[in-house]
Amino acid sequence: MDHAEDVFIWLKEDFDKGKMRPILSINHLVYYHPQGSEGNPIVAQKQLYAAHYFEASLGLTVVFDDPEGGGHSLYLLNLTRARLDILREIPGIFAGKLFKGARNMIHERMSMVKRNMEER
C-alpha cells in the first residue's frame with residue numbers, strides 16, 4: 001500500500017514485575033499513513049511468536065484528531081485480540097480470577113499511556 005511501511009520487532013514484556021515470567025515475542029507491525037505524512041497513523045500488529053502464555057495476538061491502533069479540540073487534542077484507540085494458552089490448563093473457577101487480573105492490568109497500562117501522553 002502507498003504510505004505504508006512494515007517492520008519486525010521483538011519484545012520482552014514483564015507484566016507482573018516478578019510474579020510471572022517475562023514474555024518474549026516476535027511481532028510484525030505495519031504503519032500506515034492514509035494521506036502520507038500528514039495523515040493520522042494506523043498501526044496493525046500481528047504476533048508471530050510468543051515464548052509462553054500467548055497463542056496469538058492481533059492489534060490495531062488508530063490515532064485521530066478530536067474534532068472539538070481545536071487541534072490540541074487527539075484520541076488514541078487501541079484494539080487487541082489475544083488467545084491465551086494458559087486458560088486450557090486452569091479450572092474455570094481460577095480462570096475468572098485470571099480474567100479479572102488481566103482486565104486490571106490493561107486498565108493500569110492504558111492509564112499509564114494516558115498519563116505519558118498528557119505529560120507531552
Side-chain angles (χ1 to χ4, degrees):
M1 292 189 314
D2 290 338
H3 310 293
E5 48 186 288
D6 63 324
V7 63
F8 292 91
I9 63 168
W10 67 271
L11 298 170
K12 182 179 179 185
E13 300 174 279
D14 191 3
F15 287 115
D16 209 1
K17 306 279 191 271
K19 294 181 184 175
M20 295 173 60
R21 294 183 295 165
I23 302 167
L24 177 66
S25 63
I26 300 172
N27 298 272
H28 179 217
L29 275 73
V30 176
Y31 300 95
Y32 175 62
H33 297 272
Q35 289 121 10
S37 61
E38 299 299 318
N40 291 331
I42 299 171
V43 179
Q45 176 179 343
K46 179 182 178 183
Q47 175 190 299
L48 301 174
Y49 168 82
H52 48 265
Y53 301 135
F54 289 97
E55 288 183 348
S57 176
L58 183 64
L60 181 67
T61 303
V62 181
V63 176
F64 54 95
D65 297 320
D66 179 358
E68 299 175 0
H72 298 290
S73 58
L74 54 85
Y75 287 102
L76 174 74
L77 177 65
N78 180 272
L79 303 169
T80 302
R81 179 77 172 156
R83 179 174 290 177
L84 305 177
D85 66 358
I86 195 169
L87 294 179
R88 280 194 236 129
E89 301 171 14
I90 296 178
I93 192 167
F94 298 113
K97 290 182 181 182
L98 179 65
F99 279 122
K100 184 178 178 186
R103 184 175 54 234
N104 291 341
M105 179 190 68
I106 291 169
H107 177 73
E108 289 174 16
R109 278 285 175 135
M110 293 310 294
S111 296
M112 181 183 70
V113 168
K114 181 180 179 213
R115 283 192 306 272
N116 288 342
M117 294 296 287
E118 290 173 344
E119 289 175 2
R120 293 176 184 225

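For clarity, every value in this text was computed on a predicted model and none was experimentally measured.
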Taking every non-hydrogen atom, the tightest pair across His3 and Pro34: CD2-O, 4.0 Å
Would you compute the distance between atom [atom1] of [X] and atom [atom2] of [Y] and round it to the nearest 0.5 angstrom?
X	Y	atom1	atom2	value
Ile26	Phe8	CD1	CZ	10.0 Å
Leu74	Asp66	CG	CG	8.5 Å
Tyr31	Ile42	OH	CD1	14.0 Å

Asn27: which of Lys46, Gln47, Gln45 passes side chain to side chain donor-acceptor pair (under 3.5 Å): Gln45
Would you say [Y] ends up clustered with [X] if hydrophobic residues are merged whenever their side chains have heavy atoms under 4.5 Å apart, either directly or through other cluster members?
X	Y	answer
Val7	Tyr32	no
Leu79	Val30	no
Leu29	Leu11	yes

OH/Tyr75: more than 12 non-hydrogen atoms of other groups inside 6.0 Å: no
Steps toward side-chain contact (heavy atoms from CB on, under 4.5 Å) verdict (Leu76, Thr61): CA-CA 7 Å; Leu76 174 74; Thr61 303; 3.5 Å; yes
